[in-house]
*Asks:* 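Got a structure here, written out as structure tokens. Questions coming.
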Protein chains: 2
Amino acid sequence: MFSLAEENYLKTIFHLEQEYRSGVSTSAIADKMDTKPSSVTDMVQKLAEKEVLSYKKYKGTLLTKSGKAIAANVIRKHRLWEVFLVAKLNFHWDEVHDIAEQLEHIQSEELIIRLDEFLEHPNFDPHGDPIPDEQGNVYPTEKKTLSELEKNQQGICVGVKESSTEFLQYLDKRKIGIGVKITVLRKEYFDGSMMIQVGGNQLFISNKIADNLYINII
Amino acid sequence: MFSLAEENYLKTIFHLEQEYRSGVSTSAIADKMDTKPSSVTDMVQKLAEKEVLSYKKYKGTLLTKSGKAIAANVIRKHRLWEVFLVAKLNFHWDEVHDIAEQLEHIQSEELIIRLDEFLEHPNFDPHGDPIPDEQGNVYPTEKKTLSELEKNQQGICVGVKESSTEFLQYLDKRKIGIGVKITVLRKEYFDGSMMIQVGGNQLFISNKIADNLYINII
DNA sequence: TTTAATATTTAGGCTTGTCTAAAAATAAAA
DNA sequence: TTTTATTTTTAGACAAGCCTAAATATTAAA
Ligand SMILES: [Mn+2]
Ligand SMILES: [Mn+2]
Ligand SMILES: [Mn+2]
Ligand SMILES: [Mn+2]
């Protein structure tokens with residue numbers, strides 16, 4: 001059994017591994033978790049003892065197979081609860097993350113089996129992120145961001161890279177969400193900003209925004 | 001904000017106050033919480049500082065108004081989640097307590113408002129216990145137990161005093177549950193045991209069983 | 001009412017998970 | 001290749017919540 005703190009470390013390291021595809025540094029973990037590098041070192045050494053990750057001093061860490069499975073399961077729970085909150089309790093997609101952050105630590109195999117059933121086995125959470133299966137397999141869809149589209153290309157928004165409340169509310173205000181069709185009308189090459197068509201409106205967005213929107217080209 | 005441990009103490013003291021209608025002793029709390037009296041003293045002194053209960057050395061404790069409100073809210077959450085688990089996820093009534101014990105500590109006002117809505121504002125949990133309202137008011141229904149019925153009296157089972165897995169499974173095996181009609185066929189006065197009619201069957205039960213079944217006489 | 005039993009509190013210690021400050025290793029710059 | 005800057009680890013401390021053992025109050029018995 002892993003504590004709430006341990007589960008959070010494993011989850012964070014899992015995400016960072018996917019992002020950087022290499023050993024995860026102590027400071028990267030500290031950054032993501034809003035904690036101090038010295039605290040991370042302590043915890044990482046403890047988790048190495050429990051063989052859920054490998055760790056060599058000054059060289060960063062990598063999850064073991066069992067570490068990955070535990071992390072994927074926490075992420076599975078997080079995303080299933082997010083689906084529940086949006087689909088059943090009518091929460092908006094920018095309100096669910098913090099609640100799911102708590103719910104993901106509820107310990108009960110059976111609960112998750114039945115929740116998954118109740119939700120009719122969803123494959124994606126409300127932000128377009130894939131839900132790992134019971135075995136801990138995630139199928140990370142090879143996603144393009146809006147910033148990769150060229151002038152006159154069109155696509156459907158399928159997810160967001162960041163899911164902070166601020167970003168999601170920015171999107172809402174502009175009627176951008178999952179399933180929405182976006183067309184690139186103009187693209188500035190010196191800063192990657194672009195003019196896009198969304199529904200009836202045209203709007204100007206920075207590269208930072210475009211880079212955080214996942215798109216399926218059509 | 002109160003920690004998980006603090007919430008559990010408040011909840012336990014709330015239940016004990018209702019049971020004994022007087023100052024709750026250190027050892028009574030320790031017993032119910034499966035902990036040591038010395039731990040209880042520590043925590044109770046901390047909670048007195050926070051003014052959620054009053055405490056005088058060697059004299060036991062009583063919740064203050066705010067302490068009662070916090071406790072009732074935790075109980076409200078516990079019972080709403082139990083309803084969710086039984087009504088929506090098809091859990092059986094003997095499986096939900098431990099999961100609700102975790103879920104009751106999820107922090108989100110909005111979540112409970114919406115859960116209550118989703119469940120259509122239930123008034124009782126799956127064991128027949130009343131769900132406190134948002135203001136923390138509980139209306140403890142004046143309940144009779146089966147052991148108070150006399151020969152030839154009939155009633156409907158409306159709840160259970162104990163809700164341990166063992167007891168609930170004992171009841172299930174004998175087709176006793178909420179809504180079931182029970183008739184007292186014979187009663188032994190030296191030990192309170194009785195022969196009862198449940199559905200098509202007659203069965204013999206001890207006073208301990210009868211004393212843990214709440215009944216509405218019809 | 002004095003003595004014995006029981007209940008409660010205090011003292012001191014342990015684990016988890018965090019922190020700051022200092023030391024050590026690694027990476028970057030000169 | 002030294003020197004400097006940055007990253008990481010260690011050392012030592014602290015709060016929360018628990019424990020055991022010892023001291024003290026209260027209650028029950030004699
Ligand atoms: Mn989330
Ligand atoms: Mn999500
Ligand atoms: Mn319960
Ligand atoms: Mn209940």
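Reminder, nothing fancy here: chain letters follow the sequence lines and each chain counts from 1. Because only heavy atoms are used, hydrogens play no part in the values below, and waters and symmetry mates are left out as well, while side chains stay in.
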*Asks:* So which nucleotide from D:dC19, D:dT9, C:dT9 ends up closest to the side chain of B:Y55?
*Replies:* C:dT9

*Asks:* Are there over 12 heavy-atom neighbours, none belonging to A:K143, within less than 6.0 Å of that residue's NZ?
*Replies:* yes

*Asks:* Would you indicate, yes or no, if C:dA21 has its OP1 or OP2 atom less than 4.0 angstrom from a side-chain nitrogen or oxygen of A:K36?
*Replies:* no

*Asks:* Does this structure show an ion pair linking A:E104 with A:R76, if we count only N-O contacts that are shorter than 4.0 Å?
*Replies:* no

*Asks:* Kindly confirm or rule out a cation-pi arrangement of B:K88 over B:F118, judged by NZ or CZ under 6.0 Å from the six-membered ring centre and within 45° of its axis?
*Replies:* yes

*Asks:* Heavy-atom nearest nucleotide on DNA chain C for A:T35 versus B:Q45: which residue maps closer to 5'?
*Replies:* B:Q45

*Asks:* C:dA7, C:dT10, C:dA21: which one has an atom nearest the side-chain heavy atoms of B:S27?
*Replies:* C:dA7

*Asks:* Reading 5' to 3' and counting Watson-Crick or G-U wobble pairs with both distances under 3.5 Å, write the dot-bracket notation for DNA chain D, | for bases paired outside the strand.
*Replies:* ||||||||||||||||||||||||||||||

*Asks:* Taking DNA chain C as the partner, which of residues 1-18 of chain A come within under 4.0 angstrom of it by heavy atom?
*Replies:* A:S3, A:A5, A:Y9

*Asks:* Could you tell me if B:K68 sits above the aromatic ring of B:F14, with its cationic atom closer than 6.0 Å to the ring centre and no more than 45 degrees from the axis?
*Replies:* no

*Asks:* Would you mind checking if A:E7 and A:K11 are paired as a salt bridge, meaning a charged N to carboxylate O distance below 4.0 Å?
*Replies:* no

*Asks:* Take the protein atom CE of B:M43 and the nucleotide atom C1' of C:dT8, then report the distance between them rounded to whole Å.
*Replies:* 17 Å

*Asks:* OP1, OP2 of C:dT10 versus side-chain N and O of B:K57: anything below 4.0 Å?
*Replies:* yes

*Asks:* So, under a plain 3.5 Å distance rule, would you say the side chain of A:S38 forms a donor-acceptor pair with the base of D:dT8?
*Replies:* no

*Asks:* Calculate the interatomic distance between A:K56 atom NZ and D:dT8 atom P; express it in whole Å.
*Replies:* 16 Å

*Asks:* Would you say that more than 12 heavy atoms from the other residues, nucleotides or ligands in this model lie under 6.0 Å from the OH of B:Y20, or not?
*Replies:* no

*Asks:* To the nearest Å, how far apart are B:D42 CG and C:dT10 P?
*Replies:* 9 Å

*Asks:* Has the side chain of B:R79 got a donor or acceptor atom that lies under 3.5 Å from a matching backbone atom of B:P132?
*Replies:* no

*Asks:* Are OP1 or OP2 of C:dA23 and a side-chain N or O of A:Y58 less than 4.0 angstrom apart?
*Replies:* no

*Asks:* Ignoring backbone atoms, establish whether B:T26 has a side-chain N or O less than 4.0 Å from OP1 or OP2 of C:dA7.
*Replies:* no

*Asks:* So, is A:T41 close to the D:dT9 phosphate, meaning a side-chain N or O under 4.0 Å from OP1 or OP2?
*Replies:* yes

*Asks:* Is the cationic atom of B:K208 (NZ for Lys, CZ for Arg) positioned less than 6.0 Å from the six-membered ring centroid of B:F167 and within 45 degrees of its normal?
*Replies:* no

*Asks:* Can you check the B:K59 NZ to D:dT27 C1' distance for me, whole Å?
*Replies:* 10 Å

*Asks:* So for atom NZ, which belongs to A:K36, do other residues, nucleotides or ligands contribute more than 12 heavy atoms lying within a distance under 6.0 Å?
*Replies:* no

